[in-house]
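No hydrogens, no waters, no symmetry mates; every other heavy atom, side chains included, goes into these values. Counting from 1, the numbers follow the sequence of the chain as shown.
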Amino acid sequence: MKFYEVTIILGGKQQERLENLAKRFKQINGWEEWDIMQFVVNGLIGSREDMLAFMERKATELERLDIA
């Protein structure tokens, strides 16, 4: 098993929503924004397959453009 660190960029209303969630979760279980985002990424089990499938499609698309 490997661990990867990624940057998730949120702005505007998304950032406001995360900040509001952080206030709520801070009271519930002490979580900060980072803890929430880590839980989201790990909690979306199907998303790992979706992420890899997306990148496989993107690689195929870019390879086709490079060949043309």
Side-chain angles (χ1 to χ4, degrees):
M1 180 183 320
K2 288 186 177 181
F3 293 86
Y4 299 93
E5 187 172 324
V6 299
T7 300
I8 299 172
I9 301 170
L10 299 177
K13 295 224 183 264
Q14 292 175 333
Q15 184 61 39
E16 287 178 35
R17 291 171 66 190
L18 179 58
E19 290 168 0
N20 289 332
L21 282 169
K23 289 176 188 173
R24 294 169 66 187
F25 275 99
K26 183 73 172 175
Q27 293 177 352
I28 296 168
N29 58 7
W31 282 3
E32 304 285 342
E33 291 177 18
W34 185 91
D35 302 297
I36 294 167
M37 296 308 292
Q38 185 68 45
F39 184 80
V40 167
V41 170
N42 287 323
L44 298 173
I45 295 169
S47 73
R48 288 177 185 87
E49 285 299 319
D50 293 342
M51 288 186 314
L52 294 172
F54 169 77
M55 291 310 297
E56 288 167 342
R57 288 189 306 272
K58 183 55 73 176
T60 300
E61 176 186 323
L62 293 172
E63 288 167 343
R64 287 184 184 150
L65 289 175
D66 190 43
I67 294 171

CG-NZ distance between Leu18 and Lys23, expressed to the nearest 0.5 angstrom = 11.0 Å
inquiry  = Using modelled atom types and a 3.5 Å cut-off, is there a donor and acceptor pairing between side-chain atoms of Asp35 and backbone atoms of Glu32?
reply    = yes
key: Nearest-0.5 Å distance, CZ of residue Arg17 to CD1 of residue Ile36   = 12.0 Å
query = Which distance, rounded to the nearest 0.5 Å, do you find between the NZ of Lys26 and the CG of Leu21?
reply = 14.5 Å
task = Please determine which of Arg57, Glu56, Arg64 meets the side chain to side chain contact (heavy atoms under 4.5 Å, CB included) test together with Thr60.
result = Arg64
Point-to-point distance, once rounded to the nearest 0.5 Å, from CZ of Arg24 to CG of Asn29 = 12.0 Å
query = Any salt bridge between Glu61 and Lys58, counting N to O under 4.0 Å?
reply = yes
ask   = Hey, is CD on Gln27 packed in by over 12 heavy atoms from elsewhere, all under 6.0 Å?
value = no
request  = Evaluate the ring planes of Trp31 and Phe39, with Trp represented by its six-membered ring, and classify them as parallel (under 30°), tilted (30 to 60°) or perpendicular (over 60°).
outcome  = tilted
key: For Ile9 against Gln14, the heavy-atom pair lying closest together   = O-OE1, 4.5 Å
task = Take Ile8 and Val40, measure what side chain to side chain contact (heavy atoms under 4.5 Å, CB included) needs, and give me the verdict at the end.
result = CA-CA 11 Å; Ile8 299 172; Val40 167; over 6 Å; no
